[in-house]
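Residue numbering restarts at 1 for every chain, and letters A, B, ... go by the order of the sequence lines.
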Number of protein chains: 2
Amino acid sequence: MVIFKEQAITASDKVFFRLRKEIVDGVILAGSKLSETELSTNYAVSRAVIREAINRLEACHLVERKANIGARVVSLTPEGLIELYQVRESLEGMAARLAAKNMSEDEIADLNALLNSQSDEVKNAELYYQEAGDLDFHYRIIQGSKNAYLISMLVNGLYHLVRMYRVQLGMAGPRVTSAFDEHKNIVQAISLRDSELAEMLMRRHIMYSKNNIKAKLQS
Amino acid sequence: MVIFKEQAITASDKVFFRLRKEIVDGVILAGSKLSETELSTNYAVSRAVIREAINRLEACHLVERKANIGARVVSLTPEGLIELYQVRESLEGMAARLAAKNMSEDEIADLNALLNSQSDEVKNAELYYQEAGDLDFHYRIIQGSKNAYLISMLVNGLYHLVRMYRVQLGMAGPRVTSAFDEHKNIVQAISLRDSELAEMLMRRHIMYSKNNIKAKLQS
DNA sequence: ATTTTCTATTTTGTCGACAATCTAGGTTCA
DNA sequence: TGAACCTAGATTGTCGACAAAATAGAAAAT
């Protein structure tokens with residue numbers, strides 16, 4: 001299990017993490033207004049740290065802010081989802097390409113081990129896979145790219161939005177096993193250091209995932 | 001000429017734009033420390049707006065901040081340049097693909113007109129092209145993708161860093177004419193609505209550009 | 001009745017001051 | 001001599017208050 005631990009140092013960090021979690025999980029509703037004064041009283045902290053947290057949330061596209069008016073949690077739309085996955089396809093495709101070049105043999109071995117352990121879960125139909133397992137897989141590829149911008153944009157930026165769509169649209173679909181097979185093929189391409197293939201497979205994988213979630217959205 | 005006008009509403013906006021410009025242009029040296037108190041006295045503004053501006057600069061990867069320590073302007077390295085162009089290749093490739101699908105006929109006509117006007121400049125060897133003309137071309141493709149995330153990440157995020165590398169490495173190379181031809185081919189692919197080709201050509205174009213700037217870096 | 005204008009209230013933007021943390025320099029101890 | 005430890009100074013983080021702008025509601029005009 002890849003441990004991606006963000007440690008909160010300042011009060012602003014804590015509030016940022018907390019707000020982000022509540023937005024992703026839908027505790028704070030999509031589209032709702034974020035009042036600085038209200039949050040500062042609720043969280044027992046000054047408005048300055050609330051403002052800083054909101055600014056950071058804006059930077060990862062979780063809230064939209066207008067000058068002199070305020071900040072709102074983004075609302076989830078079919079168009080937004082498609083645009084998000086287009087960017088994912090592009091960035092994670094590149095990540096897979098770079099991972100095939102830059103991952104160490106040890107990291108690749110770990111990735112294979114992860115897949116094997118997940119294989120059992122899939123056989124036992126533990127739906128747990130979709131949520132955490134899928135994220136874990138993608139995180140490792142992204143980290144394996146060794147590209148700081150890529151990692152930052154995806155991990156700190158877009159992935160929370162991806163999770164927000166998933167959580168709030170209630171993803172527990174029947175795509176578990178097929179996604180697992182796609183993961184296996186991607187890892188194989190990386191093991192062979194075939195960067196072209198790795199990129200192509202990853203792009204397809206995300207495309208399928210987009211189609212799946214899109215279908216859910218229309219139902 | 002595409003007008004991409006950002007209007008400053010708050011004091012924080014003004015300081016952000018100004019700091020960003022000075023960093024990109026090298027007025028504030030790469031790697032140097034940004035002291036909040038010093039900046040607040042120099043710019044005759046409170047520390048709060050300086051902090052907010054610095055946070056925004058961090059979001060577009062122009063400065064790096066450490067808690068309780070401070071913020072430094074990023075330093076330019078060969079590795080950073082390569083990683084930056086890898087992301088550009090990925091994102092702008094996707095932008096070209098989407099532009100081929102989503103640009104209106106009018107927008108494509110404008111793009112062709114832009115290229116024709118630039119053609120004269122290139123013949124007359126007005127080096128002006130490289131700086132503004134190239135940016136203008138790429139901006140239009142990005143906007144033509146109609147993907148809000150893509151636009152935001154590139155225009156608000158990475159492009160200032162790209163310009164920082166260009167400016168501070170003194171780009172005025174002999175790549176003007178060949179880049180122009182590559183632009184022409186990309187536009188042609190877009191005109192034919194051939195999204196696959198448009199993406200591929202854009203990726204190659206950025207790869208060549210990377211190799212060019214990398215060669216400069218080593219000289 | 002509808003629209004416009006004005007006013008009161010609320011919300012965001014900015015400021016200066018205080019608290020917490022880090023940095024640098026010197027001192028003490030082995 | 002060198003390393004660990006303290007102390008003073010400077011820097012960042014946080015706070016509460018004021019200024020400026022936007023919103024909502026009532027009053028006035030058509």
Visitor: Please name the pair of heavy atoms, one in A:Val74 and one in A:His61, separated by the smallest distance, quoted to 0.1 Å.
Guide: CG1-O, 3.4 Å
Visitor: Check every nucleotide of DNA chain C for an atom under 4.0 Å from a heavy-atom of chain B, then give the first and the last such nucleotide from 5' to 3'.
Guide: C:dG13 to C:dT23
Visitor: What is the distance from CD of A:Glu36 to P of D:dA21, rounded to the nearest Å?
Guide: 16 Å
Visitor: When you measure from the centre of the six-membered ring of B:Phe137, is the NZ or CZ of B:Arg140 closer than 6.0 Å and no more than 45° off the axis?
Guide: no
Visitor: What's the CG-P distance between A:Asp13 and D:dG13, to the nearest Å?
Guide: 9 Å
Visitor: Could you state the atom-to-atom distance from CD of A:Glu52 to C1' of D:dT12 in whole Å?
Guide: 11 Å
Visitor: Taking any heavy-atom pair under 4.0 Å as a contact, classify B:Ala48: base, sugar-phosphate, or nothing.
Guide: base
Visitor: Quickly work out the B:Glu38 CD to D:dA10 P distance and round it to whole Å.
Guide: 14 Å
Visitor: Taking atom P of D:dG13 as reference, at what distance in whole Å does atom CD1 of B:Ile54 sit?
Guide: 9 Å
Visitor: How long is the line joining CG of A:Asn68 and P of D:dT23, in whole Å?
Guide: 9 Å
Visitor: Contact class for B:Thr37 (heavy atom, under 4.0 Å): base, sugar-phosphate, or nothing?
Guide: base
Visitor: Using whole Å, what does the distance between atom P of nucleotide D:dA24 and atom CD1 of A:Ile69 come to?
Guide: 11 Å
Visitor: Rounded to whole Å, please give me the gap between NZ in A:Lys66 and P in D:dA21.
Guide: 19 Å
Visitor: Taking all atoms of both residues into account, what is the closest heavy-atom pair of B:Ala198 and B:Ala100, and its distance?
Guide: CB-CB, 4.2 Å
Visitor: Testing the basics here: between B:Glu107 and B:Asn102, what is the closest heavy-atom pair and its distance to 0.1 Å?
Guide: OE1-O, 4.4 Å
Visitor: Which comes earlier along DNA chain D counting from the 5' end, the contact point of A:Val49 or that of A:Ala67, where each point is its nearest nucleotide?
Guide: A:Val49
Visitor: Which pair of non-hydrogen atoms, one from B:Ala71 and one from B:Ile54, has the smallest distance, and what is that distance?
Guide: CB-CG2, 3.7 Å
Visitor: Can you establish whether the number of heavy atoms outside B:Lys33 located under 6.0 Å from its atom NZ is more than 12?
Guide: yes
Visitor: Looking at B:Lys33, does any N or O in its side chain come under 4.0 Å of the phosphate oxygens OP1/OP2 on D:dA10?
Guide: no
Visitor: So what does B:Leu34 hit on the nucleic acid, given a heavy-atom distance under 4.0 Å: a base, only sugar-phosphate, or nothing?
Guide: sugar-phosphate
Visitor: Roughly how far, to the nearest 0.5 Å, is CG of B:Leu161 from CG of B:Leu81?
Guide: 9.0 Å
